[in-house]
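Report on the following structure.
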Amino acid sequence: MGERTIPELLPGTLYMLILRTLSGGPLHGYAIAKRVKETSHQGLVIEDGSLYPALNRMLVKGWLEAEWGISENHRKARFYRLTPEGRKQLDHEAEEFDRLVRAIQLVMRTA
Amino acid sequence: MSLWKETLRRLAYLGRRSRFDADLDTEVEFHIETRADELARAGMPRPTALAQARREFGSPARMAEETRSAWQFRWLEDLAADLHYAARAFRRNPAFAATAIACLALGIGANTTIFSIAAEVLFSQPSVRDPYSLVRVDIGGNSASPVREYEFLRDAHTFPGLAGENEEMETNWRDSDNTYRLSVVRVTDNFFDVTGIPVALGRPIQPGDSDRVVLTYGFWQRRLGGAPDVIGRKLLLDGRIDTVSAVLPRDHRTVTGFGFSPDLYAPVTDPKTYVTLYARLEPGTTRLAALSRLKPACQELDRAYPDGNHKWANNLHVSAVSGIERIDTEHELMRPVAGFFAVLMVVVGLVLLIACANVASLLLARASSRSHELAVRLSIGAGRGRIVRQLLAESLLLSACGTGAGLAINIGLTTLLSRIQLPLPIPIQFLIQPDWRLLAYAAAVALVCSLAASLAPAVKGTGVGISAMLKHGEHQLGRHVWTLRNVLVVGQLAASIVLLCAGFLFLRNLVNASAMSPGFDIEHTVWAYMRLVPESYRDPAKTRGLVDAAVERLRSLPGVETAAIARVVPLNNNMRRGTEVSTDLNSRGLHVEFHINYVGPGYFQAMQIPIVTGREFLPADRKGAPRVAILNQNLARRVFGAVDPARHFVRFGQGETILVAGVAKNSKYFSLGEENALAYYEPYDQSPGPVADLHFLVRATGRPEPLIPGINTSLGQLDPTASLEIKPMSKALVFAMLPSRVGAAILGSMGMLGLLLASVGLYGVLLYSVSRRIREIGLRVALGATPAGILRLVLRQSAVLSAAGIGIGMALAVFAVRPLARFLSPEVRPADLMNFVVVGAVLAAVALAATLSPAVRALRVDPVEALRHE
């Protein structure tokens, strides 16, 4: 990964990305990072060093629940699942983000 | 709500930290392995792939640290850092820390000790299973009912369990050649079943048992030496052989409460015993529901055993045996006791406030000598909140240490108190142990103290403009007369004036009570208490014969002027009656309540109570002879007005007419503080029923003590199975004096403690202000000020502070001590000017003493040293 094509994540969007990724069903940490990278066509990369602290902060807040299971490569892995509270948080953050993007776009187009 | 859940999750994390770390490691390992698998699938050799995956992941240690911190309490760690910093600062300045901690320890020790005692006396729970579903039941307005009525109610199955006990019983224990009087609780055979009182050894009294007894721990230890083979031992009690069945645990508390500690529990054997009823309710049954079930059962009882006009179904009460509700329902004894504790809590609260003021004052002094440091920290960007938190942490550490030391004082004092045998006619032994209530209270006190002590320094230390503090440094401080510290000292002095006033009032009360004449002679009287075995004296004639023989023998002893029998010994026991009284002059009944006593011939002479008109009781006033009575002056005036009652008649309700033989001078009957008490006497021989308790009053011609062995042998020869307790009347008055003694001891010592703390505060402020003004004093000396002038400088400050403190304190005390009147004898008036004069003088003297050392320090200032010092 020599080239530096990864835009810096906007502050606060990391939670939203994780929540959205998990809204399809439980995933383990590695799968979350991989899914974000793939769906953004390598446009967004969650650094491994900040993924787990973020997941744990979300556990503390009660947005996620974690559970041990067996991964597709037959290893013991920790799966994260969205809680009803997490779903609410996702809706809320997505709405806020939409509003922000629209506002920025308005400024960029008109000014 | 979500914050609360979050806190819970964080707390749960604290419990499984080591597993958390292991889990995180597993998770990281999985992440890296999976990435390596992926790279390997793309064609990379496995070892290279693994190394590449590790590189991509970065530092797992830093990641783990960050992950952990997601779960931790940020403020907790800040607090730990602040506390650590504070501890280091205190180690550098141990004198400061020691003084502050000592002040707090004294204040908190006093405060929590009173709390412990109050909690034990007022709120202790009896050692029964589920105290909340056990209730006390009073029927027919009586606190106790005969066994027959109890059995009727028990068999009516109104409640899941109904048991009875009488805690006022005594028994004579014959142990080889000696007979001792023991305090025994007579219980129905199902009492232990219904109450669920646990035993430490053996098995409790069970239904059907009639000759088994349960010993209390104290009796087992004191009288039987804690013998391990005590179960099964035979005791000769009131002439019967009983077997020891069980021993109660050390922390057993009776259902009676108030530290009542009998010697043993024994089954009711006499069918004429009256028992207080205790009922076990089904869980969830309210006392009101129990009451409504009791009513029909008691109406049934009235039909089964009619008892004249008295109806068991009237005046029913169902009351709690524990908790705060007991204070509400218990007889009148509870209220003054609870009131006294309320006063004490206020007093120790004041003491603690004074101690807090000392700590605040010390912290203020520290803050102003650190003002430079604080200003620097503020100017380089430390938030004001951060610095206030640091100051808070310091006072929190101080109050935590102070509370620890205070709890040590508490445990020492309460252990001592639990060992004291109070000189009371009934055995009282408090069992005060530290428990969760004390810990919770102490924690609350510590928190309040740290807030109270740090509030002023925090505001002061950070409120002043940075530039002012940096520029002027320290020299300008202490110039104003009304700095915060001076205000604190004035407050302390004022509070200690209030404390001293209260303490002084109780001291005067004690002096007054000791000097108070009970209205009868105590210097030459001996009280001989002889308890007979009731079963051997069923026949009243036998008792009468014994009493006559005893009085005869006592009177013939050398050194005895006279001797008499009495049913009640004034100021120790009490018998009261409230009823309608009519006379031959006024047939309209008058309701009066009076003390009643049955006394034998010679009683008034033995007690030296003058007969004002008429005559004393004579040997001719026997059973069968016309009934006669003696009234005291108060009762005579109440019933007969100005007429001399001698040779007139009184009548109670519809009873027979009774001739008034004479009028006795007023004296004290139940307490030294009582006023205008009414009293009524009848001849001992005409009293109803035989009694096992005989009280002989013996008047000596000289000192009473030498008579005691003679009285002991001559009474002992009459009946060796009787127990004897013989003491001079002056010793017996200890009981009557106890309330004034306790009051004087507690409030007096609290007053002294408050004064001590306040004087330390004054001393500290003066010394500090002198040390702050050394340069100024040096300059003054250099410019020609005389030592007298320097002295005046220090004295003026001390005088201004003390005068303000005394003035404010007096104004407060005038109002604050007013409610104390109800605890004091009427001769001691809280508004007496003398109190204030004495207290003011004491405080002024102490303030002067506290000024001495700072004054000497000021006089010793060497101008050259002082000026060069800067």
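The chains referred to below are lettered A, B, ... by the order of the sequence lines, with proteins before strands, and numbering in each begins at 1.
Proximity of B/Phe57 to A/Leu51: side-chain heavy atoms (C-beta onward) are nowhere separated by under 4.5 Å. The shortest distance between side-chain heavy atoms of B/Trp71 and A/Arg57 does not fall below 4.5 Å. Using a 4.5 Å heavy-atom cutoff, the side chains of A/His28 and B/Phe30 are in contact. Within the 4.5 Å cutoff, side-chain heavy atoms of B/Glu38 are placed close to those of A/Lys34. Taking the side chain as every heavy atom from C-beta outward, A/Asp48 and B/Met63 never approach each other to under 4.5 Å. Contact check for B/Tyr13 versus A/Asn56: no side-chain heavy atoms found under the 4.5 Å cut-off.
Counting heavy atoms of neighbouring residues, nucleotides and ligands inside a 6.0 Å radius, atom CD of A/Glu96 exceeds 12 of them. Residue B/Arg389 places its CZ atom among more than 12 non-hydrogen atoms of other residues, nucleotides or ligands, all under 6.0 Å distant. Counting heavy atoms of neighbouring residues, nucleotides and ligands inside a 6.0 Å radius, atom CD of B/Glu33 exceeds 12 of them.
Per-residue heavy-atom pair counts under 4.5 Å with chain A were compared for B/Val28, B/Asp23, B/Ile32, and the maximum is reached by B/Asp23. For the set A/Glu72, A/Glu85, A/Arg78, the entry with the most heavy-atom pairs within less than 4.5 Å of chain B is A/Arg78.
The distance from the CD atom of B/Glu27 to the OH atom of A/Tyr80 is 3.5 Å, given to the nearest 0.5 Å. Rounding to the nearest 0.5 Å gives a distance of 10.0 Å between OG of A/Ser50 and CZ of B/Arg62. Atom CZ of B/Arg9 and atom CG of A/Leu59 lie 8.5 Å apart (nearest 0.5 Å). Summarising the geometry, atom OG1 belonging to B/Thr34 is positioned 7.0 Å from atom OH belonging to A/Tyr30; distances are rounded to the nearest 0.5 Å.
Take B/Glu29 and apply the salt bridge (charged side-chain N to carboxylate O under 4.0 Å, His left out) test, not counting sequence neighbours, and it matches B/Arg54.
Annotation for B/Glu66 and A/Pro53: closest pair CB-CG, 3.8 Å, computed over non-hydrogen atoms. Counting all heavy atoms, side chain and backbone alike, A/Val60 lies closest to B/Glu6 at O-CG, 3.3 Å.
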